[in-house]
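Right, one structure below, let's go through it.
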Amino acid sequence: MNPNDNEPTLGAAPSRTPAGAPPAAWERSVLERLVMDIVAERRRSRRWSVFFRLCVLALVLAVVAAAWRGGEGSGTAASGPHVAVVDLRGEMSATSNASADNIDASLRDAFASPQTRAVILRINSPGGSPVQASRINAEIWRLRALHKDIPVYAVCDEACASAAYYVAVAADRIYVNPASLVGSIGVLMNGFGFSGLMDKLGITRRLLTAGSNKGFMDPFSPMTPQQKQYALAMLEQIHQQFIAAVKKGRGSRLKIDDQTFSGLVWTGESAVQQGLADGYGDTRSVARDVVHETRLVDFTRRENVVDRLAQRFGASIGMGAAREALPQGWSLQ
């Protein structure tokens with residue numbers, strides 16, 4: 001008998017193991033590797049399953065915690081005499097935490113608390129939307145008229161400029177740090193113009209409008225002198241609204257000169273000298289030395305994660321449906 005008869009040869013069908021006979025070494029090796037691969041795959045699958053379950057659990061807990069908070073400040077259930085604090089931080093816009101909706105709601109909660117002795121609006125913002133600032137300014141004046149026994153103090157941190165200062169002037173008094181950046185009583189509209197570059201590159205802008213001035217702020221189209229004059233007139237109108245708000249809030253304390261409304265920003269020290277602010281202080285020192293109440297309660301409304309996720313989900317669905325309804329080649333902007 002040839003000793004190599006049991007080994008498979010090239011071109012020949014592999015020999016079958018007789019029923020009841022032990023498998024050959026190479027068959028046993030293949031089976032062992034197959035079993036080990038199956039076991040390893042199941043272990044990996046189990047680990048990933050546990051990982052994803054933990055992620056889902058963490059997300060659910062975060063959503064529940066956000067829903068429990070309800071988007072409101074921690075002072076909604078405050079008891080005992082206190083100074084109510086509302087934070088205005090970051091750029092002011094309709095979609096930021098420093099929006100008029102959030103700040104106005106926080107202020108209303110602060111004034112509505114029966115044990116509030118004073119309200120401190122703690123500001124650290126470079127400015128932003130004049131519309132949001134105007135709305136907050138008007139709401140502070142309204143609340144001051146309704147609650148004449150509750151003073152409002154603006155406390156400026158690192159920055160209280162432009163639209164943020166627009167808000168601050170509605171307070172009874174403004175306190176700053178000597179190194180704070182205060183003021184910037186001006187309005188700007190910025191952007192870029194690429195029409196000259198496009199001419200050099202031989203690119204033509206295909207902008208179709210209904211209305212001769214509809215695209216006058218388009219950065220890829222030239223701006224005519226008439227359009228520039230119109231934009232400057234708009235800025236001047238908003239600037240005068242800002243100036244009127246400052247004069248109303250600061251009154252005779254304001255020392256007006258040629259630079260007061262030029263858009264310059266000043267240090268807190270210069271702001272006090274010019275009547276843009278009343279003195280130096282931070283949140284705790286104002287509560288302690290001015291209000292004579294050391295207990296601080298935060299009424300700032302925080303962003304609700306549940307609402308934000310729902311809004312984004314709803315907006316995504318709405319945009320998708322709108323794109324399907326539009327004719328091919330159209331876009332939403």
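Residues that satisfy the side chain to side chain donor-acceptor pair (under 3.5 Å) test with Arg33, not counting sequence neighbours, are Ser29. Applying the side chain to side chain contact (heavy atoms under 4.5 Å, CB included) rule to Asp157 yields the partners Arg89, Asn124; only residues at least two apart in sequence or on another chain are considered. By the side chain to side chain donor-acceptor pair (under 3.5 Å) test, Ser129 is found to be paired with no residue, residues two or more places apart in sequence or in another chain being considered. Applying the side chain to side chain contact (heavy atoms under 4.5 Å, CB included) rule to Ala287 yields the partners Val83, Ile120, Leu296; only residues at least two apart in sequence or on another chain are considered. For Arg142, the side chain to side chain donor-acceptor pair (under 3.5 Å) criterion is met by Glu139, not counting sequence neighbours. Residues passing the side chain to side chain contact (heavy atoms under 4.5 Å, CB included) test with Leu34, sequence neighbours excluded: Ile38.
Minimum heavy-atom separation, Phe299 to Asp109: CE2-O, 3.5 Å. Ser162 and Gly127 get closest at one heavy-atom pair: CB-CA, 4.2 Å. For the residue pair Ala154 and Ala171, the shortest heavy atom distance occurs at N-CB, 3.6 Å. Minimum heavy-atom separation, Gly90 to Ala98: O-CB, 4.1 Å. The two residues Asn137 and Ala245 have their closest heavy-atom pair at ND2-CB, 4.2 Å. Minimum heavy-atom separation, Ile238 to Pro130: CG2-CB, 4.0 Å.
In this structure, Tyr175 and Cys156 have side chains that are not in contact, with every pair of non-hydrogen atoms separated by 4.5 Å or more.
For residues 107-162, the ring pair (Phe, Tyr, Trp, His ring centres under 6.0 Å) pairs, not counting sequence neighbours, are Phe111-His147. Applying the salt bridge (charged side-chain N to carboxylate O under 4.0 Å, His left out) test to residues at least two apart or on different chains, none of the pairs has a partner in residues 160-171. For the salt bridge (charged side-chain N to carboxylate O under 4.0 Å, His left out) condition, the pairs that include at least one residue of residues 269-285, sequence neighbours left out, are Arg250-Asp278, Arg253-Asp278. For residues 162-185, every residue pair satisfying the salt bridge (charged side-chain N to carboxylate O under 4.0 Å, His left out) rule, not counting sequence neighbours, is listed here: Arg144-Asp172. A salt bridge (charged side-chain N to carboxylate O under 4.0 Å, His left out) check over residues 123-135, counting only residues at least two apart or in different chains, returns the pairs Asp101-Arg135.
Residue Thr283 holds its OG1 atom at 11.5 Å from CZ of Arg288, rounded to the nearest 0.5 Å. The distance from the CG atom of Asp298 to the OG atom of Ser106 is 8.0 Å, given to the nearest 0.5 Å. Atoms CG and CD1, on Asp87 and Ile103 in that order, are 8.0 Å from each other to the nearest 0.5 Å. Distance OG1/Thr294 to CG/Asp289: 11.0 Å, rounded to 0.5 Å. Separation of atoms CE (Met92) and CD (Gln132) is listed at 6.5 Å; rounding is to 0.5 Å. Summarising the geometry, atom CG belonging to Asp104 is positioned 7.5 Å from atom CG belonging to Leu143; distances are rounded to the nearest 0.5 Å.
In this structure, the side chain of Ser99 does not engage the main chain of Thr95 through any donor-acceptor pair within 3.5 Å. With Ser180 contributing its side chain and Glu158 its backbone, the two residues share no donor-acceptor pair below 3.5 Å.
Side-chain heavy atoms closer than 4.5 Å link hydrophobic residues (I, L, V, M, F, W, Y) into clusters, and following such links, possibly through other members, connects Val297 to Leu88. Under a hydrophobic-cluster definition in which Ile, Leu, Val, Met, Phe, Trp and Tyr are linked whenever side-chain heavy atoms come within less than 4.5 Å, directly or via other members, Val286 and Val152 are assigned to different clusters. Each of Ile123 and Leu181 belongs to its own hydrophobic cluster when Ile, Leu, Val, Met, Phe, Trp and Tyr are linked at side-chain heavy-atom distances under 4.5 angstrom. Linking Ile, Leu, Val, Met, Phe, Trp and Tyr whenever their side-chain heavy atoms come within less than 4.5 Å puts Leu121 and Ile150 in one cluster. Note: the hydrophobic cluster containing Val119 does not contain Leu146 (ILVMFWY, side chain heavy atoms under 4.5 Å, direct or indirect links).
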### Task
Go through the steps for His82 and Thr116 under the test side chain to side chain contact (heavy atoms under 4.5 Å, CB included), then give the verdict.
CA-CA 5 Å; His82 59 265; Thr116 294; 3.0 Å; yes
### Task
Step by step, work out the side chain to side chain contact (heavy atoms under 4.5 Å, CB included) result for Gln241 and Ser134.
CA-CA 9 Å; Gln241 296 167 7; Ser134 177; 6.0 Å; no
### Task
Please step through side chain to side chain contact (heavy atoms under 4.5 Å, CB included) for the pair Asp257 and Thr260, ending with a clear verdict.
CA-CA 5 Å; Asp257 58 29; Thr260 303; 3.0 Å; yes
### Task
In sequence, state the C-alpha distance, the side-chain angles, and the governing distance for Glu91 and Ser96, and then conclude on side chain to side chain contact (heavy atoms under 4.5 Å, CB included).
CA-CA 7 Å; Glu91 184 177 355; Ser96 70; 5.8 Å; no
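For the residue pair Gln273/Ser270, the side-chain donor-acceptor check at 3.5 Å is not satisfied.
Applying the 6.0 Å contact sphere to CD of Gln240 captures more than 12 heavy atoms from other residues, nucleotides or ligands.
Applying the 4.5 Å side-chain rule to ILVMFWY residues, one finds Tyr165, Tyr166, Val169, Ile174, Val176, Val182, Ile185, Phe242, Ile243, Val246, Leu254, Ile256, Phe261, Trp266, Val272, Leu276, Tyr280 in the same cluster as Leu264.
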